[in-house]
Amino acid sequence: VPRSIPVRVYTDQSTWRQLPVAPMLDDGRPCLVSHLLARCLPHAFGHGADATAARMDILVQGVPCPTDAQLLWLSRACSHPDGFLYVCVRRL
């Protein structure tokens with residue numbers, strides 16, 4: 001298991017955030033897409049932002065992705081050849 005997963009979260013063509021994300025949470029549970037988005041985009045996916053999150057589309061490699069997908073699995077299955085996991089968030 002890697003120490004961190006390199007992730008880039010795009011919100012439009014010129015706006016993105018890059019950060020390493022641990023594959024496991026502090027309590028030992030796997031890190032999910034919802035955890036990543038709450039950390040990167042707290043205004044849209046943090047506590048109390050359920051209505052905003054419902055109007056967002058999450059894509060990984062151009063494929064719709066559920067927010068309960070595990071980042072480690074996504075990283076192994078969908079990382080770009082440069083090693084990054086690219087996540088796109090767009091408004092519906």
Side-chain angles (χ1 to χ4, degrees):
V1 176
R3 280 186 5 178
S4 63
I5 298 168
V7 178
R8 285 189 183 155
V9 177
Y10 283 81
T11 53
D12 62 43
Q13 290 184 349
S14 62
T15 306
W16 52 274
R17 294 174 188 220
Q18 175 178 321
L19 66 156
V21 179
M24 304 298 278
L25 299 175
D26 292 337
D27 62 7
R29 293 180 298 144
C31 187
L32 306 177
V33 170
S34 60
H35 300 129
L36 166 70
L37 296 176
R39 183 174 164 197
C40 286
L41 305 168
H43 60 282
F45 292 94
H47 294 294
D50 292 335
T52 303
R55 295 188 310 263
M56 299 288 200
D57 193 17
I58 316 304
L59 302 171
V60 174
Q61 294 292 4
V63 178
C65 179
T67 57
D68 63 349
Q70 294 183 16
L71 282 183
L72 183 57
W73 181 86
L74 281 174
S75 173
R76 290 178 174 164
C78 300
S79 282
H80 195 264
D82 66 4
F84 280 88
L85 179 64
Y86 290 91
V87 179
C88 297
V89 178
R90 63 181 183 182
R91 292 188 189 278
L92 293 176

Participant: Closest heavy-atom contact between Val33 and Cys65?
Facilitator: CG2-SG, 4.0 Å
Participant: Let me know which of Leu71, Thr67, Leu74, Leu41 forms a side chain to side chain contact (heavy atoms under 4.5 Å, CB included) with Leu36.
Facilitator: Leu71
Participant: Taking all non-hydrogen atoms of both residues, which atom of Val9 and which atom of Cys40 are closest, and how far apart?
Facilitator: CG2-SG, 3.9 Å
Participant: Looking only at atom types and distance, does a side-chain atom of Gln70 sit under 3.5 Å from a main-chain N or O of Pro30, one as donor and one as acceptor?
Facilitator: no
Participant: Would a hydrophobic clustering, with Ile, Leu, Val, Met, Phe, Trp and Tyr connected at side-chain separations under 4.5 Å, put Val60 with Val21?
Facilitator: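 Looking at the clustering, Val21 is in the same group as Val60.
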Participant: Can you name the closest pair of heavy atoms from Ala22 and Cys31 and give their distance?
Facilitator: O-CB, 3.4 Å
Participant: What is the minimum heavy-atom distance between Ile5 and Pro23, and which atoms define it?
Facilitator: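 Looking at all heavy atoms of both residues, the closest pair is CD1-CB, 3.9 Å.
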Participant: How close do Phe84 and Val7 get, counting heavy atoms only, and between which atoms?
Facilitator: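 For Phe84 versus Val7, the nearest heavy atoms are CD2-N, 3.9 Å.
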Participant: What pair of heavy atoms forms the shortest contact from Val1 to Arg76, and how long is it?
Facilitator: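 That closest heavy-atom pairing would be CA-NH2, 4.2 Å.
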Participant: Give the cluster check for Phe45 versus Tyr10: same hydrophobic cluster or not, with ILVMFWY residues linked at side-chain heavy-atom distances below 4.5 Å.
Facilitator: no
Participant: Is it the case that more than 12 heavy atoms not belonging to Asp27 sit under 6.0 Å from its CG atom?
Facilitator: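 Enclosed: over 12 neighbouring heavy atoms sit under 6.0 Å from CG of Asp27.
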Participant: Compare all side-chain heavy atoms of Asp57 with those of Cys88 and state whether any distance is below 4.5 angstrom.
Facilitator: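 They are not in side-chain contact.
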Participant: Report yes if some heavy atom in the side chain of Arg39 is under 4.5 Å from a heavy atom in the side chain of Leu19; otherwise report no.
Facilitator: yes
Participant: Would you say that Arg17 contacts Arg8 through its side chain, given a criterion of any heavy-atom pair below 4.5 Å between the two side chains?
Facilitator: no
Participant: For residues Trp16 and Met56: do they belong to one hydrophobic cluster (side chain heavy atoms under 4.5 Å, members Ile, Leu, Val, Met, Phe, Trp, Tyr)?
Facilitator: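 Each belongs to a different hydrophobic cluster.
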